[in-house]
Structure formats: structure tokens, C-alpha cells
Amino acid sequence: AQSVTQLDSHVSVSEGTPVLLRCNYSSSYSPSLFWYVQHPNKGLQLLLKYTSAATLVKGINGFEAEFKKSETSFHLTKPSAHMSDAAEYFCVVSPFSGGYNKLIFGAGTRLAVHP
Amino acid sequence: GAVVSQHPSWVICKSGTSVKIECRSLDFQATTMFWYRQFPKQSLMLMATSNEGSKATYEQGVEKDKFLINHASLTLSTLTVTSAHPEDSSFYICSAQVANTEAFFGQGTRLTVV
């Protein structure tokens, strides 16, 4: 069975400081992993995806994530937070490599950015 | 990126009535659409997968007679919440994709049943 655990429900950072949102996954297959961002009452936007190519994945808005198979982790990072980064972030796993079917969502991490 | 539009963005209805939510892919043809439900401050739970021209596949625990899904064309899927009750109040989000490519999400529909 596939699952994903986001280790922090809330993260608070100051503007200009680094962001780290943690995610661990469980998958019986070689998974596809994604990070999505959701602003209040809005749909989801894809930040980045890992589909068995390079383990360090660069996404939009300066975000990146590193797939570490040995640690079953896919943490999201950004060197310098911006006020506009405040949102809900979801780590997502799909059991099929390269696939988007049957996305399984983590519980989400709410990122707050303070001036 | 591709655009998926949901309508309405929010709806309030009386208990016992039915509500229809539309999900449209505006600039591409979606072979598959997904419907999710999101409770306040919680994650998205997949409700069902629909492929154009065939019956939807519902996830375990989702009542197919309660949540009717129709995917009549490659650009439109509808979710009808029948005989809605307050416990059906939630945020419903659809996504659409072509084959095995990126899934694009709608902006969501907030349903409140009073």
C-alpha cells in the first residue's frame, strides 16, 4: 500500500529565511512523488514532481525537493521564503512510476511566513 | 498550463435538495477526471475516477448513489450530490488529465448544506 506522511502540520518562518517542509512516503513500487500548493479556497498548483529521473528536482517559484530512497523522504525546500509562499502544501504519491493516476495526498503542511 | 474550471465556486443549498458541480477542461480534452473531497483543515480524499463515456469508479466508502458522476464528454464531468445533508458540506475539487500526463486541478467548490 502507498502512503505519505507530512511530518509537520504547521511551519512558521520569517521572510527571507529557508523553508523546509518534510515528507516521508511508503510505496511498494517505484513511486512518483509530487508537491502541490494550495492557496485559500483555490485549487492545487503543481510545484514539482519526481518520476524516477534526477533525484534533485527543481520546481517553480524557487522550490526544490530531493528524493532519498534510503530515507524514503521527499522534503521540500526553498532558500529564502517570500510572503507569497504562505499557503498549504501537500506531498503526494502515485504508486506508478511516471503516473498521475490515483494520487494519494498527505495531510498537508500549512506554511506561515512572517515579515 | 492547462486550465480546469469548476462551477460554481460556492453553493448553499437546503437539506434534501440536490446540487450539481461542473468540472470543465477549457483548453484540452481530458480522458480522465478525478473528484476529491476536502474537509476543513484536512487533506484531499479521492472520491471517484471517471473516464469519458464509461461509469465512474468509486473509492471504498463513497456512496455511488449519493454522489452521481457523469463524464459525458472529454471536456466535462459533473458531480451531483443527491439529497444533500449538512454532513455533505465540504470542499469538492476536481482534476483532469490526458492519459498519464500531469493532473490539472479546478479551483474547487465549497458546498454548504443548511
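Note that the coordinates shown come from a computational prediction; the quantities given were computed from them, not determined experimentally. The sequence lines fix the lettering, A, B, ..., with proteins before strands; numbering per chain opens at 1. Heavy atoms only: backbone and side chains are in, while hydrogens, waters and symmetry mates are out.
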Do NZ/NE/NH1/NH2 and the carboxylate oxygens of Lys66(B) and Asp88(B) come within less than 4.0 Å? yes
Are Arg24(B) and Glu22(B) ion-paired here, with the side-chain N under 4.0 Å from a carboxylate O?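 Yes, Arg24(B) and Glu22(B) are salt-bridged.
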Any donor-acceptor pair under 3.5 Å from His85(B) side chain to Ser83(B) backbone: yes
Determine whether the aromatic ring centres of Phe105(B) and Tyr36(B) lie less than 6.0 Å apart. yes
Contacting moiety of Gln6(A), where chain B heavy atoms sit under 4.5 Å: neither
Examine whether an atom of Ile93(B) lies under 4.5 Å from a heavy atom of chain A, and if so say whether it belongs to the side chain, the backbone or both; otherwise answer neither.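 For Ile93(B), the contact with chain A is made by the side chain alone.
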Atom group of Gln38(B) that falls short of 4.5 Å from chain A, counting heavy atoms: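 Just the side chain, heavy atoms under 4.5 Å.
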